[in-house]
Amino acid sequence: MKSNGNSGHRDSAADRNEQANRGNPVNKDDQAQLKARMDLVKHKIMVLSGKGGVGKSTVAANIAVALAMEGKQVGILDVDFHGPSIPKLLHLEGQHLGVGENEMIPVEYVHGIKVMSLGFLMENPDSAVIWRGPLKIGVIKQLLSEVRWGELDYLVIDFPPGTGDEPLSVAQFLPNADGAVIVTTPQDLSLSDVRKSIDFCRKLNMKVIGVIENMSGMVCPHCGQVVDVFKKGGGQLMAGEMGVPFLGRIPLDPQIVEASDEGVPFVYHYNKSEAAKAFSKAVVPLLALEDGDTKPEATLTTLTKKEDDMKSIKIAVPVVNGLLSAHFGHCETFALVNVDTEAKTILNTEELPAPPHEPGLLPRWLHEKGADLIIAGGMGSRAQGLFEENGIRVIIGAPTDTPEAIVKSYLDGALVTGDNICDH
Ligand code: ADP
């Protein structure tokens, strides 16, 4: 039996979007109340995952604490109707909400984090409740509009896994939400699910802030080093392929389980651990939202699946004085670096004098030289388009360094790119 009461064919997010709109008339007063509350919240971040058990709630909770540790006012909203796990993760089970005049008062956690979970509203969070779709939508609206969130810098919203009524209705209620953080594990099955989450965001015009690869490698309980027990890097590859930012890898760390058993915030109590450092790094693009910068400040760039499959590719880097030339058009030479994408090694580097400046010549010339990819500092969007037309992918915003160092960090999945240094 389906737990939501909607019937009929619901094969796309857009169809469901339309259905939910029809089935959910929000009257003007409700809308005004929702707007008044949510206008006080600067940034709304949705945390999604394709399937359960990938650590989505753990990531949501630790993102919230990491933001609060930066001095931000933070709220966590848990809208998982079928297994609200935030109270358990934060040791807030059995807490009761305060009640004000026509409003609910959230539970306070460390660093003044305001927590609201469906778990606080259920008599027994472990009992199976069958929620019909329209009822869920009504409850979600109340959680946004009838909770005294106050002024917040960030509201982190944790959802059930998948692309059901919950994220859909929040996306509708909060059309100006900043976007979604998608949590995955490195395994293939979870990755195919995460593609669906990205697709869902795209259909709803919801920005994907980035993908976090959780349970990636394991922290050795003896030496504290990260050991790669299973495959890693799948989430990063997939993010590169789908053109969404990658926010980092969180290793499996027994202390994360210990912290949640003890009800202490992991990122705070174990802040020296690799996993905590990875959480702190992952929130950097979220902190950048504060400056009105909706783009992540820095993006990790990595091999695409296609490049990985090609076994060897040629990467062109524009060079001046032996280093990457920030101005693409001003380079003296091109380093054409031939790499083995399987072994992640550089096979050889050719140094080619740049051809004369003639419109349309460079893309043809680099194509003839066999370049598959250009890593540059800055490049105008028209030029980028011309290279793409010639089958050459372009990465911009690379730092000034030797071509070999840039290519090596690209192969290692560690190339950090920033803004388009010179956009003309
Ligand atoms: P989800 O919300 O995706 O269902 P949870 O956040 O509830 O997943 O995590 C499931 C379990 O995995 C929890 O017991 C949690 O403590 C554990 N967990 C999550 N991430 C990690 C990690 N990086 N290292 C160790 N344990 C983890």
Side-chain angles (χ1 to χ4, degrees), residues 45-66 76-93 109 113 115 117-119 125-126 156-164 166-167 170 180-187 189-194 196-197 200 211-222 224-236 246-283:
I45 315 283
M46 301 172 55
V47 182
L48 306 176
S49 68
K51 63 169 196 161
V54 299
K56 174 187 40 58
S57 301
T58 305
V59 169
N62 281 287
I63 281 181
V65 177
I76 305 178
L77 172 59
D78 170 14
V79 291
D80 192 339
F81 284 82
H82 302 287
S85 50
I86 290 288
K88 190 155 188 274
L89 278 175
L90 306 183
H91 252 233
L92 298 174
E93 292 155 298
Y109 187 55
I113 298 176
V115 186
S117 165
L118 283 163
D126 292 329
V156 177
I157 310 172
D158 185 26
F159 290 94
T163 52
E166 297 84 348
V170 170
V181 169
I182 300 177
V183 184
T184 182
T185 59
Q187 282 77 28
L189 183 62
S190 147
L191 290 176
S192 79
D193 286 326
V194 88
K196 287 186 201 147
S197 301
F200 171 80
V211 170
I212 291 188
E213 186 177 307
N214 187 31
M215 307 187 181
S216 177
M218 192 184 135
V219 174
C220 168
H222 305 293
Q225 295 287 313
V226 177
V227 194
D228 288 321
V229 262
F230 303 114
K231 213 160 64 165
K232 66 160 192 180
Q236 184 169 9
F246 182 67
L247 303 179
R249 299 191 182 106
I250 317 286
L252 261 169
D253 185 342
Q255 288 177 323
I256 290 185
V257 184
E258 273 167 42
S260 82
D261 285 349
E262 291 160 15
V264 297
F266 169 76
V267 265
Y268 181 70
H269 276 265
Y270 297 96
N271 57 11
K272 298 274 182 304
S273 67
E274 289 303 318
K277 285 185 203 155
F279 276 121
S280 306
K281 219 165 119 190
V283 297

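Just so it is clear, the values below take in all heavy atoms, side chains as well, and ignore hydrogens, waters and symmetry mates. For ligands, and for the atoms within them, numbers begin at 1 and follow the listed sequence.
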N/O of Val59 under 3.5 Å from N/O of ligand 1, yes or no?
no
Show me, pair by pair, the donor-acceptor contacts under 3.5 angstrom made by side chains of residues 270-278, not counting sequence neighbours?
unit_1 : atom_1 : unit_2 : atom_2 : d
Ser273 : OG     : Tyr270 : O      : 2.8
Ser273 : OG     : Ala276 : N      : 3.2

Between Lys196 (side chain) and Gly50 (backbone), is there a donor-acceptor pair under 3.5 Å?
no
Might you work through the side chain to side chain contact (heavy atoms under 4.5 Å, CB included) test for Val65 and Phe279, ending with a clear yes or no?
CA-CA 10 Å; Val65 177; Phe279 276 121; over 6 Å; no
Is there a polar contact, in the sense of an N or O pair closer than 3.5 Å, between Lys51 and ligand 1?
no
Show, in sequence, the C-alpha distance, side-chain angles and deciding distance for Ile157 and Leu77, and conclude whether the side chain to side chain contact (heavy atoms under 4.5 Å, CB included) test is met.
CA-CA 5 Å; Ile157 310 172; Leu77 172 59; 4.2 Å; yes
Apply side chain to side chain contact (heavy atoms under 4.5 Å, CB included) to residues Met46 and Val170 and explain how you reach the verdict.
CA-CA 9 Å; Met46 301 172 55; Val170 170; 4.3 Å; yes
Compute the shortest N/O to N/O distance between Gly53 and ligand 1 and return yes if it is under 3.5 Å, no if not.
yes
Heavy-atom proximity to atom 3 (O) of ligand 1, best of Met218, Lys56, Gln255, Arg249:
Lys56
Measuring from Ile212:CD1 to Thr58:OG1, what's the distance to the nearest 0.5 Å?
11.5 Å
of all protein heavy atoms, closest to atom 27 (C) of ligand 1 is Ile256 CG2, 3.8 Å
Could you find the nearest protein heavy atom to atom 6 (O) of ligand 1 and give me its residue, atom name and distance?
Thr58 OG1, 2.6 Å
One finds that the ligand 1 atoms under 4.0 Å from a non-hydrogen atom of Pro251 are 22 (C), 23 (N), 24 (N)
Give a yes or no on whether the backbone of Val267 and the side-chain of Asn62 come within a donor-acceptor separation of less than 3.5 Å.
yes
Check whether any protein heavy atom sits under 4.0 Å from atom 22 (C) of ligand 1.
yes
When you measure from atom 18 (N) of ligand 1 to every protein heavy atom, which one gives the shortest distance, and what is it?
Met215 CE, 3.8 Å
Step by step, work out the side chain to side chain contact (heavy atoms under 4.5 Å, CB included) result for Thr184 and Val54.
CA-CA 6 Å; Thr184 182; Val54 299; 5.6 Å; no
Tell me whether ligand 1 is touched by Ser49 - counting only heavy atoms on the residue side and a distance under 4.0 Å.
no
What atoms in ligand 1 come closer than 4.0 Å to a heavy atom of Val54?
3 (O)
If we count only non-hydrogen protein atoms and require a distance under 4.0 Å, does atom 14 (O) of ligand 1 qualify as touching the protein?
no
For atom 20 (N) of ligand 1, which protein heavy atom lies nearest, and how many Å away is it?
Asn214 ND2, 3.0 Å
Closest protein heavy atom (residue, atom, distance) for atom 25 (C) of ligand 1:
Asp253 O, 3.2 Å
May I ask whether Gly83 has any heavy atom positioned less than 4.0 angstrom from an atom of ligand 1?
no
So, taking the atom named CZ in Phe246 and the one named CD in Glu213, what distance separates them when rounded to the nearest 0.5 Å?
4.5 Å
Does Ser57 have any side-chain contact (heavy atoms from CB on, under 4.5 Å) partners at least two apart in sequence or in another chain, and if so, which?
Ser85, Ile86, Leu89, Asp158
Provide, to 0.1 Å, the distance between atom 26 (N) of ligand 1 and the closest protein heavy atom, together with that atom's residue and name.
Val257 CG2, 3.5 Å
